[in-house]
Amino acid sequence: MAAKNVMAITGAEAAAYAMKQIEPDVVAAYPITPQTPIVEYFAKYVADGEVRTEMIPVESEHSAMSAVVGAAAAGARAMTATSSQGLALMSEIVYIASSLRLPIVMGLVNRALSAPINIHCDHSDAMMVRDSGWIQLFCEDAQEVYDLTILAVRLAEHEDVRLPVLVNQDGFIISHGVEPVEVLPDDVVKKFVGELKPVYPLLDTDHPVTYGPLDLYDYYFEHKRQQIEAMKHAYRVFPQIAEEFYEISGRKYNFVEPYRLEDAEYVMVALGSTNGTIKDVVDEMRSEGKKVGLLKIWMFRPFPKPEIQRYLTARKAVVVLDRAASFGAEAPLYEAVKSALYEAAARPVMGSFVYGLGGRDLKPEHVRYAFERAIALDLVADKEEYLGLRD
Amino acid sequence: MPAKYFEIRWHSRAGQGGKSAAQLVAETVLEEGKHAQAFPEYGAERSGAPMRAFNRISEGRIRVHHSVESPDVVVVIDDTLLSPTIVSGLKEDGVLIVNTKHSFDFVRKKTNFNGKVCIVNATDIALQEIKRGVPNTVMIGTLARVTGLMNLEMVGKKIREMFERKLPEEMIQANIRALRRGYEEVQCSG
């Protein structure tokens, strides 16, 4: 094995570096705020001649996603990146990308949505497109951003899946934080992602096809059913690709990461960078003899219901941390976890904590507080509570 | 048990290089085989606005992703930012490092901080060596001396790598001279 190549880079640069090694045919991006440094780094690779990607600077995020959709339908490997308001503006075409079954990979730097104006981290943007038919992966740190961006290409393009993938990273906390990232050699990444095998490409003029025509009550429903089934295939295919990635990197991915769960009685569930902070608190509380553990969610869509059931059934208490609110309903991750446990043989006591909106810091003492509440079984399943919020 | 973290908080004005300084420290420390994070705190993005950046350094892997609350070191790149809030959370046995041409008394009076204070006239050094009032490389030299966190040669190597493709050779050498003077010319209270 060659010497490990560790770089000190931000999550944004980790995503861009993975994109450089993937070397997609087309990247389209709107180059100013709320765009992220991901495309800034990538544009530099293009300008320096390090990749042969066709970089299309467009006039809006709506056009960025439109250009990427066009490129993918033509048979190209196409990628982009965005954040918060940018995703909001693209959202019309975000739905179209998944409905057309186009294997686009997009880096999403998770940031709050307006109003009021805020540039910092929360998961409102990802949750806004929760039901748009994209596969969603969440990263704990910059290393995972690099790894999952590469892995996402294979998942998106798998012949049984053919769906777009969002690779989420926490805005500023990961996107602008410098951390060590172990990168693979270019040729290893290129071999892993391989060549895109286009399916019904528009440029195959000998076999003309139409994308997105009128489709009323006669067949629209059947086409939606196919999309539903494709998501199930993603659930089946992901572990195979993760295993292949493990072989080249030594790093194991799955739907979820169980942390000190073997004998844990009180389990926390969360998405994104907060998981690292929770792990430290778990270690601390374990050293005090408290049986706490963590279930980190890597794949949020398709939602890994069997894993949730397997890891959480019969625990004494489960607390779910959400970095987004769902106004008038339960927070998105909590709702999904709670619903997955509806038929569990032994249901844990459950509690929902919303935290970190608009970049509010989640400190170890907040995590500890939520665990203490779980240990005291002082949780009410139908009550939403908040961490780090003024009363 | 979680790793023990050594934490640094940088205070500067946007454009003075606080963010780059934190990044360079992280890169150097990583090269020396330790673990490090560097992250800036973004507010209103305009030149001259007060900004903060952070380092978290450890022998082991760093997993936490929250802000630095009780730093071991506070580095102030612009002494017009000095106030009691600048040392908030600074550990009692922590160090306050300030770029100033004023005295220890001036720093103490502005901050009410009674712990260890180190001062260096980094802006003048930067003006003399780099011909620009960007004192961040000087402050990294000072930080290396005060904390013993980094080998000065390694920092020099990292500066060279960072600027090799952006700056002419004489500017790289000027930055390395500034770094060295920051290391040599710092004065610390007892």
Side-chain angles (χ1 to χ4, degrees), chain A residues 6-11 13 33 44 48 111 117-121 139-144 169-182 259 270 272-288 294 296 355-356 359-367 387-388, chain B residues 1-5 7-10 14 18-46 49 51-70 89 150 154-155 157-158 161-162 165-166:
Chain A
V6 178
M7 295 162 62
I9 52 178
T10 61
E13 192 171 357
T33 297
K44 190 167 185 305
D48 291 349
R111 288 168 27 180
I117 295 173
N118 180 294
I119 57 167
H120 289 284
C121 175
C139 304
E140 179 186 327
D141 55 26
Q143 181 69 60
E144 294 189 1
Q169 60 173 301
D170 281 348
F172 292 101
I173 300 165
I174 302 301
S175 66
H176 291 63
V178 176
E179 294 184 325
V181 176
E182 190 184 323
Y259 185 75
S273 66
T274 297
N275 283 291
T277 308
I278 299 172
K279 284 174 182 171
D280 262 27
V281 176
V282 166
D283 285 1
E284 249 173 53
M285 294 183 76
R286 279 278 176 173
S287 72
E288 298 160 13
L294 165 70
K296 173 172 99 183
Y355 73 99
R360 178 68 52 84
D361 197 24
L362 186 81
K363 302 180 203 315
E365 55 262 37
H366 297 135
V367 175
L387 295 172
Chain B
M1 276 303 284
K4 288 264 173 283
Y5 304 130
E7 295 172 324
I8 302 168
R9 187 170 71 215
W10 298 80
K19 181 187 153 197
S20 309
Q23 169 145 5
L24 194 69
V25 167
E27 287 189 18
T28 307
V29 165
L30 280 166
E31 182 98 9
E32 292 182 348
K34 281 180 268 194
H35 292 255
Q37 290 176 335
F39 49 101
E41 182 184 78
Y42 285 83
E45 293 183 42
R46 59 190 195 279
M51 65 85 65
R52 308 194 298 173
F54 306 92
N55 282 119
R56 188 175 275 128
I57 294 160
S58 174
E59 295 294 328
R61 188 173 162 212
I62 304 174
R63 298 181 301 197
V64 296
H65 285 112
H66 58 83
S67 189
V68 166
E69 294 292 314
S70 41
M150 304 164 284
M154 188 68 89
V155 188
K157 182 175 161 245
K158 280 284 154 197
E161 282 174 24
M162 194 179 251
R165 288 165 60 186
K166 298 179 192 166

[X] [atom1] to [Y] [atom2] distance, which is reported to the nearest 0.5 Å:
| X | Y | atom1 | atom2 | result |
| --- | --- | --- | --- | --- |
| B:His65 | A:Ile278 | NE2 | CD1 | 12.5 Å |
| B:His35 | A:Glu179 | NE2 | CD | 11.5 Å |
| B:Arg61 | A:Gln143 | CZ | CD | 8.0 Å |

If you look at every heavy atom in [X] and [Y], which pair is closest and at what distance?
| X | Y | value |
| --- | --- | --- |
| A:Lys44 | B:Arg165 | NZ-NH2, 4.2 Å |
| A:Ala8 | B:Gln23 | O-NE2, 4.2 Å |
| A:Pro180 | B:Ala36 | CD-O, 3.4 Å |

Q: Tell me, for A:Thr274 versus chain B, whether the close heavy atoms (under 4.5 Å) come from the side chain, the backbone, both or neither.
A: neither
Q: Please flag which part of A:Ile174 lies under 4.5 Å from any non-hydrogen atom of chain B: side chain, backbone, both or neither.
A: side chain
Q. Tell me, do A:Val367 and B:His66 make a side-chain contact under 4.5 Å, heavy atoms counted?
A. no
Q) With respect to chain B, which residue among A:Ser273, A:Gly177, A:Gly359 yields the maximal number of heavy-atom pairs within a distance under 4.5 Å? A)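 If we count pairs closer than 4.5 Å to chain B, A:Ser273 comes out on top.
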Q | The single option from A:Asp361, A:Leu362, A:Ile173 passing side chain to side chain contact (heavy atoms under 4.5 Å, CB included) against B:Ser67 | A |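 Output: one option passes, namely A:Asp361.
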Q | Most contacts with chain A, counted as non-hydrogen pairs under 4.5 angstrom, among B:Gln37, B:Arg56, B:Glu31 | A | B:Gln37
**Q.** Proximity breakdown for B:Glu69 and chain A, heavy-atom pairs closer than 4.5 Å
**A.** side chain
Q. So with a 6.0 Å cut-off around NZ of B:Lys19, is the heavy-atom count from everything else above 12?
A. no
